[in-house]
Novice: 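For reference, the structure I am asking about is given below.
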Amino acid sequence: MVEPLYPRDRSWHPAAHFPDYKSSIYRSPQKPLIKAPPSQNEDSGPVFGHDMLGPLDNDLIRNFAAPGELAIGPRMIVHGRVLDENARPVPGALIEIWQANAGGRYRHAKEGYLAPLDPNFGGCGRMISADDGTYRFMTVQPGPYPWPNGPNSWRPAHIHFSVFGHSFAQRLITQMYFEGDPLIQLCPIVRAISDPMAIDQLTARLDMEATAPMDALAYHFDIILRGRGSTPFENRPEGN
Amino acid sequence: MAAKRLKESPSQTAGPYVHIGCTPNFAGIKGVYDGDPGAKMLTDTVEGERITVTGTVFDGQGAPLTDALIEIWQADALGRFGTMNSGFTGWGRCPADQSTGAWRFDTVRPGASSVGAAHIIFWIVARGINVGLHTRMYFPDDPLLDSDPLLSLIEGARRETLIAKEVSPTVFQFDIHLQGAGETVFLDV
C-alpha cells in the first residue's frame, strides 16, 4: 500500500490573490479549494524517458546557437537535486527550464523589451534527474528586466522551472532566484510568498566547489517535491 | 521522532512566457526539441473511442486567458492510469491560442476508474496564477456521476462546473472560469 502524499501546505506557497501582483487579481479563484478524496488518479503521473532528450537539451549556451557560435552572457552551471519532503532523491523527474537572455530579453512574440535578442540564445532547456536526484545544466546568467505591473516594476534575474515528479499531484512550476539580488525583496511575484524562509528556498547559492575554472560559475538549487507518509503534517493554518 | 521534514518548494507563476520552456516550437523556437511534449496524445495504435476536448479559460472579467498552458492527465479507454496501453501516455499539454484563448486535446474517451466516474484531470498555469490549479472534467451522459466520490462532495450548481458540454457525441467543451458566479471547482489534490 502506497502511503498518501502529504497535503500541500498552502501557507508556504504564494497567496493566490495578491493585489500587488496585478495579474493575480482576476486570475485567482475566490472560493476555497475542494479537498479531493484520496484516489489513485491524481496520485499517478506521466513517465518521461531519457530517450526524449537531445544531447544539447541541457546546454542553453549551445542548443539554439548556430554551429560554432555561443550565446552571449556570463557562463553558468546550475545544479542541484530533486528531493521529496522526506529528503529522498526523486529520480526520473522531468525538469523544463526557461529564461531571459543576458540582457533580460525573452524570445517570445509578446515580449518587447528594448534589450536585444541574442541570435544564439533560445532560452529553453530540459533534463531528467538521475538516480540520486541530481540534475545539471549550462546557461548564461539571465538579466533582470522591467515589466508592466506598477509604474516601475523590475523582475529579479530568475530561471523558470517546471517539474514533474512521479505523481500529477506533485506537479510544480516555480522560479529560481540568485543569492544577493536586491530585486528579490522588491518583486511582488516573490512577495506573494509570505514566509522569508520559503523565499529563501527559491534562492540559489553560489557554489564555488562546482565552478568550472576559467569557464563557468556555478549555482546550487535544490527542488523539493511533495513526499509521502502517514504521519500527520506539521500543519500551519490553512489559507490562501 | 521522524526524520527532518523538508518543505515543498514554493510555487511561482508560470508567467507569460511559459511557452518558451514548455512548448518552444509553439513559441517559434524551432530546432531545439523535435516537437512540443504532450502535443500529440494519439497514434494509430492507441485503442479507444476518439474524442476532442476543447475549451477556454476565463478570468474574473470574462476575458479569455490567451497565455495559459493546460495539461491533462487521464486514464486509457479501460480506465487505467499510466499503463502505456497501446502506446497511450494519458498526458497532454496544450497552450491556449494566443488570440482566442481556445485550447484543444484530441484523445480517447477515458474508461471509468475503479473508484468513480470517468474523468480527465486538468492542471492550469498562467501569468497571474501563483499556484497551478487542479480540476477535473466529467462527461455529461455518464450514469456514474451520481455515485462519484468527488462529485458527491460538491453541491449542485458548483458540481455542474466540472461537467463538460456535449457539442457532438465525440466533441466535449469544458470552459474553465477562474472567478465569478460560475467559478470552476478547483481541487486540493
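Note on naming: letters A, B, ... go to the chains in the order of the sequence lines (proteins, then strands), and numbering restarts at 1 for each one.
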Novice: Counting only non-hydrogen atoms closer than 4.5 Å, does B/Ser152 touch chain A with its backbone (N, CA, C, O), its side chain (CB onward), both, or neither?
Specialist: neither
Novice: Please classify the contact between A/Val163 and chain B as side chain, backbone, both or neither, with a heavy-atom cut-off of under 4.5 Å.
Specialist: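 Contact with chain B is absent: no heavy atom of A/Val163 under 4.5 Å.
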Novice: Please tell me if the side chains of B/Gln12 and A/Ile173 come closer than 4.5 Å, counting only heavy atoms from C-beta onward.
Specialist: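 Side-chain contact under 4.5 Å: no.
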Novice: Using non-hydrogen atoms only, which part of A/Ala192 is less than 4.5 Å away from chain B: side chain, backbone, both, or neither?
Specialist: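 The answer is the side chain of A/Ala192.
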Novice: Do you know which of B/Val32, B/Leu153, B/Asp59 has the most heavy-atom pairs under 4.5 Å to chain A?
Specialist: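 Highest number of heavy-atom pairs under 4.5 Å: B/Val32.
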Novice: Using a 4.5 Å cut-off on heavy atoms from C-beta on, say whether the side chain of A/Asp195 contacts that of B/Lys7.
Specialist: no
Novice: Dump the intermediate steps for salt bridge (Lys or Arg N to Asp or Glu O under 4.0 Å) on B/Asp67 and A/Lys110, then the final yes or no.
Specialist: CA-CA 10 Å; B/Asp67 53 10; A/Lys110 291 191 176 178; 5.8 Å; no
Novice: Hey, could you give me the CG/CZ distance between A/Asn41 and B/Arg80, rounded to the nearest 0.5 Å?
Specialist: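 Here the interatomic distance stands at 14.0 Å.
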Novice: Tabulate below the donor-acceptor pairs under 3.5 Å that side-chain atoms of residues 19-26 of chain B make, not counting sequence neighbours, or state none.
Specialist:
unit_1  : atom_1 : unit_2   : atom_2 : d
B/His19 : ND1    : A/His108 : NE2    : 3.0
B/Asn25 : ND2    : B/Tyr33  : O      : 3.4
B/Asn25 : ND2    : B/Asp36  : OD1    : 3.0

Novice: What part of A/Ser162 gets closer than 4.5 Å to chain B, counting heavy atoms only: side chain, backbone, both or neither?
Specialist: side chain
Novice: Does any heavy atom of chain A fall under 4.5 Å from the side chain of B/Leu65, the backbone, both, or neither of them?
Specialist: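 Backbone plus side chain of B/Leu65, per the 4.5 Å heavy-atom cut-off to chain A.
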Novice: Heavy atoms only: give me the nearest B/Ser11-A/His13 pair and the separation to one decimal.
Specialist: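 Of all heavy-atom pairs spanning B/Ser11 and A/His13, the closest is N-ND1, 3.0 Å.
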Novice: Should B/His134 and A/Phe168 be marked as a side-chain contact (heavy atoms from CB on, under 4.5 Å) after you check the CA-CA gap, both sets of side-chain angles, and the distance that decides it?
Specialist: CA-CA 9 Å; B/His134 283 274; A/Phe168 207 58; 4.0 Å; yes
Novice: State, to 0.1 Å, how close A/Pro32 and B/Arg158 come at their nearest heavy-atom pair, and which atoms those are.
Specialist: O-NH1, 4.5 Å
Novice: Judged by atom type as modelled, is there a donor-acceptor pair below 3.5 Å linking the side chain of B/Glu8 to the main-chain atoms of A/Glu85?
Specialist: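 No, because the side chain of B/Glu8 does not come within donor-acceptor range (under 3.5 Å) of the backbone of A/Glu85.
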Novice: I'd like to check the ring-ring contact (aromatic ring centres under 6.0 Å, His included) partners of A/Tyr21; sequence neighbours left out, ordered by chain and number.
Specialist: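 Partners of A/Tyr21 under the ring-ring contact (aromatic ring centres under 6.0 Å, His included) test: A/Trp147.
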Novice: Where do A/Ser44 and B/Trp73 come nearest, in terms of heavy atoms and distance?
Specialist: OG-NE1, 3.0 Å
Novice: Taking heavy atoms only and a threshold strictly under 4.5 Å, list by residue number the residues of residues 47-56 of chain A that touch chain B; give 'none' if the list is empty.
Specialist: A/Phe48, A/Met52
Novice: Side-chain contact, heavy-atom cut-off 4.5 Å: A/Tyr6 with B/Arg5?
Specialist: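 A/Tyr6 reaches B/Arg5 side chain to side chain.
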Novice: Please look at B/Thr89 and chain A and tell me whether the side chain, the backbone, both or neither of the residue comes under 4.5 angstrom of a heavy atom of that chain.
Specialist: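 Contact with chain A: none, neither part.
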Novice: Can you find a pair of side-chain heavy atoms, one from A/Leu202 and one from B/Pro10, that are under 4.5 Å apart?
Specialist: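 Sidechains of B/Pro10 and A/Leu202: in contact.
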Novice: Give a yes or no on whether the backbone of A/Ala15 and the side-chain of B/Asn130 come within a donor-acceptor separation of less than 3.5 Å.
Specialist: yes
Novice: Tell me the residues of residues 161-184 of chain B whose non-hydrogen atoms fall below 4.5 Å from those of chain A, in number order.
Specialist: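 Checking residues 161-184 of chain B against chain A gives B/Leu178, B/Gln179, B/Gly180, B/Glu183.
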Novice: Is any side-chain heavy atom of A/Ile34 closer than 4.5 Å to a side-chain heavy atom of B/Leu150?
Specialist: yes
Novice: Quick check on B/Val18 against chain A: is it the side chain, the backbone, both or neither that has a heavy atom closer than 4.5 Å?
Specialist: both
